Amino acid sequence: MALVSKPRVRFAPSPTGYLHVGGARTALFNWLFARHEGGTFILRVEDTDVERNRPELVEGILQGLRWLSVAWDEGPYFQSQRLDRYRNAAEDLLKSGFAFLCFCQAVQYAGADATPEGEEGTEKIARTAPCPCRDLTSAQREQKICEGAPYAIRFAAPREGVTRFEDAVFGQREVQNVEIEDFVLLRSSGLPTYQLGAVVDDVAMGITHVIRGADHLSNTPKQVLLYRALSATPPIFAHVPLILGPDRTRLSKRHGATSVSLYADEGFLPEAFRNFLALLGWSPGGDEEFLPTSELISRFTLSGVSRTNGVFDRAKLEWFNSQYLQKLPIDGLLPYVKTELRRSGLWRAQWDDSEREWFARTVDLLRPRTRLLPDFSHWARAFFSDDFGYDPDARAKFWKDPKVPELLSKLADALDALVEWSHDPCDHALRALAAAEGVKAGLLINATRVAIVGRAVAPPLFETMVVLGKSRVVSRLRRAVPAVAA
RNA sequence: GGCGCUAUGGUGCAAUGGUUAGCACGCGGCCCUUUCAAGGCCGAAAUACGGGUUCGACUCCCGUUAGCGCUACCA
């Protein structure tokens, strides 16, 4: 049995924007495939469009990948630093007769539907017609060059036959060659187009599987033709379906957040985001959904990739986040909470050493009620700071009974007298007071909750008391007495 | 316009000729809980349409429709 070499895959973003969720998922699939197969994941920046290129955006893309822990093994390589290779390849293609010089005026694309609907007949057909420069005599070519006319290099697409390739997701594909236009390889500026750059690099880098968005499916035959012309063997392709917005059109800025960094800023956990993204367009085959990264890696296969475009469902993403917030080992969660509290200015150094246990316990108590990281500094603020206000809705709901101030005051005294500060003594003291005062325990419990954490929503009251500590609970109760009337 | 891809509840997926079409999100209800979540249980909700092939189609074939992609000296 022949030794099969390990797969080499790549993610090739263009620095024309931030890392969007579609790109992130493509990167994730490449990475999962590489990890599953023990292969190599390469990062290559395709920055050959000088007009739209924004070099300063590269770092943001790398940061997005780092946040997702999608780590590359090689690169990042930059196409802008490899221009000679593409030029040489184009020259070779020219010599071997696979390409020709084109002196046509560069047509500037002006948008998807720029062509007026009216007289499409002539104009649109012209788009796929073979370039007339292909049939220029060598004398005519010489003359153009002498005149100093700018030229591009185009691929001479075959005019008959079919081109086939293997797609791990879509199966065997074949396209009639007459449908393939004489596409540009090298622009008159000397810079390569996507088709040339991608193929030359994929060959040079030994890429075995090209995993990319399905928007490239239609152009793949051109690349297959290029591989052949370059005497290289085409890789296995795997086109992954597109991610759509709720209106089923391609996900874009107008659908809201499409940048991965925005989700990081909003307080999503990378583990949750990864899990969610992995299941958008891929399935391990069964019903399991909560799949930590190790599980994702061991189960990932290209045959599990779907062929249908999918809608990005934020509600489901939030559900995944709440799941990870709950199920992550507490030590894995703490660093994220720490970062969040730092961001909001609530962090205290002792929670990292002398009070680490308290911190872990408090976070553990809070986490079933959280959906996003900022919940720790917003609704749970009173657990980390004495500086908190009383939620208007909470006081309206639980402080409306006229007996509340007196009850809170008496509870403060009763709790202050406690020798042991733990769940049951607090529980007994409160219920005893309620009984003595002739009120339902619930009334006191709810009023107390608002007094000590400022909100109607919190973990069970007595567990909350234990975590807050006696002195804080007592002083917050006393502080609340005048506040009830205010 | 041309070429291509796709089509299971509102959403994401499962079921690769034989199931009462399954799971999850979301939605509604109940339980738990004198808060709110989490958790448990129950419920409403789908094979786009029309033809074939077959003893039998979600599944295979054809057509229609719809959506999307490509059709750039963008990627």
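Residue numbering restarts at 1 for every chain, and letters A, B, ... go by the order of the sequence lines. Because only heavy atoms are used, hydrogens play no part in the values below, and waters and symmetry mates are left out as well, while side chains stay in. Predicted model, so just to flag it, every value in this text is computed and none were measured.
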May I ask you to check whether A:His423 and A:Phe462 place their ring centers less than 6.0 Å from one another? yes
For the aromatic rings, using the six-membered ring if either is Trp, is the centroid distance between A:Tyr324 and A:Phe290 under 6.0 Å? yes
Can you tell me how far [atom2] of [N] sits from [atom1] of [X], to the nearest Å?
X        : N      : atom1 : atom2 : answer
A:Asn219 : B:rG4  : CG    : P     : 15 Å
A:Lys222 : B:rA72 : NZ    : P     : 7 Å
A:Glu181 : B:rG4  : CD    : P     : 15 Å
A:Asn177 : B:rC3  : CG    : P     : 16 Å
A:Arg274 : B:rG12 : CZ    : P     : 23 Å
A:Lys316 : B:rG10 : NZ    : P     : 16 Å
A:Arg44  : B:rA75 : CZ    : P     : 12 Å
A:Gln223 : B:rC70 : CD    : C1'   : 12 Å

At under 4.0 Å between heavy atoms, what does [X] touch on the DNA or RNA strands: base, sugar-phosphate, or nothing?
X        : result
A:Thr48  : sugar-phosphate
A:Asn446 : sugar-phosphate
A:Arg307 : sugar-phosphate
A:Gln195 : base
A:Gly281 : sugar-phosphate
A:His239 : nothing
A:Glu289 : base
A:Gly285 : sugar-phosphate
A:Ser188 : base
A:Phe170 : sugar-phosphate
A:Arg367 : nothing

Look at the side chain of [X] and decide which nucleotide, out of [options], has an atom nearest to it.
X        : options                : result
A:Ile445 : B:rG22, B:rU34, B:rU11 : B:rU34
A:Ser14  : B:rA75, B:rU34, B:rG2  : B:rA75
A:Asp313 : B:rU34, B:rA7, B:rG10  : B:rG10
A:Arg250 : B:rC70, B:rU34, B:rU11 : B:rC70
A:Asp215 : B:rG22, B:rG69, B:rU35 : B:rG69
A:Thr193 : B:rA75, B:rU6, B:rU34  : B:rA75
A:Val311 : B:rG2, B:rU11, B:rA75  : B:rU11
A:Asp287 : B:rC23, B:rA75, B:rC25 : B:rC23

[atom1] gap between [N] and [M], integer Å:
N      : M      : atom1 : value
B:rU20 : B:rA37 : P     : 39 Å
B:rG63 : B:rC5  : P     : 11 Å
B:rA66 : B:rA44 : C1'   : 26 Å
B:rC58 : B:rA15 : C1'   : 8 Å
B:rU8  : B:rA21 : C1'   : 8 Å
B:rG18 : B:rU54 : C1'   : 12 Å
B:rU47 : B:rA7  : P     : 16 Å
B:rG50 : B:rA57 : P     : 14 Å

With a 4.0 Å cut-off on N to O distance, would you call [X] and [Y] a salt bridge?
X        : Y        : result
A:Glu295 : A:Arg299 : yes
A:Arg85  : A:Asp201 : no
A:Arg44  : A:Asp202 : yes
A:Arg10  : A:Glu46  : no
A:Lys222 : A:Glu181 : yes

5' priority, RNA chain B, between A:Asn309 and A:Arg52 [closest heavy atom]: A:Asn309
Here's a test of your reading of the structure: between A:Cys104 and A:Pro241, which maps to the more 5' nucleotide of RNA chain B? A:Pro241
Look at the side-chain N and O atoms of A:Ser283 and state whether any lies under 4.0 Å from the OP1 or OP2 oxygen of B:rA14. yes
Distance below 4.0 Å between A:Arg248 side-chain N/O and B:rG12 OP1 or OP2: yes
Any chance the side chains of A:His255 and A:Asp247 put a donor and an acceptor closer than 3.5 Å? yes
Can you check whether A:Cys133 reaches A:Cys104 side chain to side chain, under 4.5 Å on heavy atoms? yes
All N/O contacts under 3.5 Å from nucleotides 36-43 of chain B to the protein, with atom names and distances to one decimal?
{"residue": "B:rC36", "atom": "O2", "partner": "A:Arg369", "partner atom": "NH1", "Å": "3.0"}
{"residue": "B:rC36", "atom": "N3", "partner": "A:Arg369", "partner atom": "NH1", "Å": "2.4"}
{"residue": "B:rA37", "atom": "O2'", "partner": "A:Pro368", "partner atom": "O", "Å": "2.8"}
{"residue": "B:rA38", "atom": "O2'", "partner": "A:Gln326", "partner atom": "OE1", "Å": "2.6"}
{"residue": "B:rG39", "atom": "OP1", "partner": "A:Gln323", "partner atom": "NE2", "Å": "3.2"}

Distance under 6.0 Å and angle within 45° of ring axis: [X] vs [Y]:
X        : Y        : value
A:Arg314 : A:Phe268 : no
A:Arg381 : A:Phe383 : no
A:Arg212 : A:Phe237 : no

Could you tell me which non-hydrogen atom of A:Pro15 sits nearest to which non-hydrogen atom of A:Asn53, and how far apart they are? CG-OD1, 2.8 Å
Can you tell me which stems RNA chain B forms, taking runs of 3 or more consecutive Watson-Crick or G-U pairs with both distances under 3.5 Å? B:1-7 with B:65-71, B:10-13 with B:22-25, B:27-31 with B:39-43, B:48-52 with B:60-64
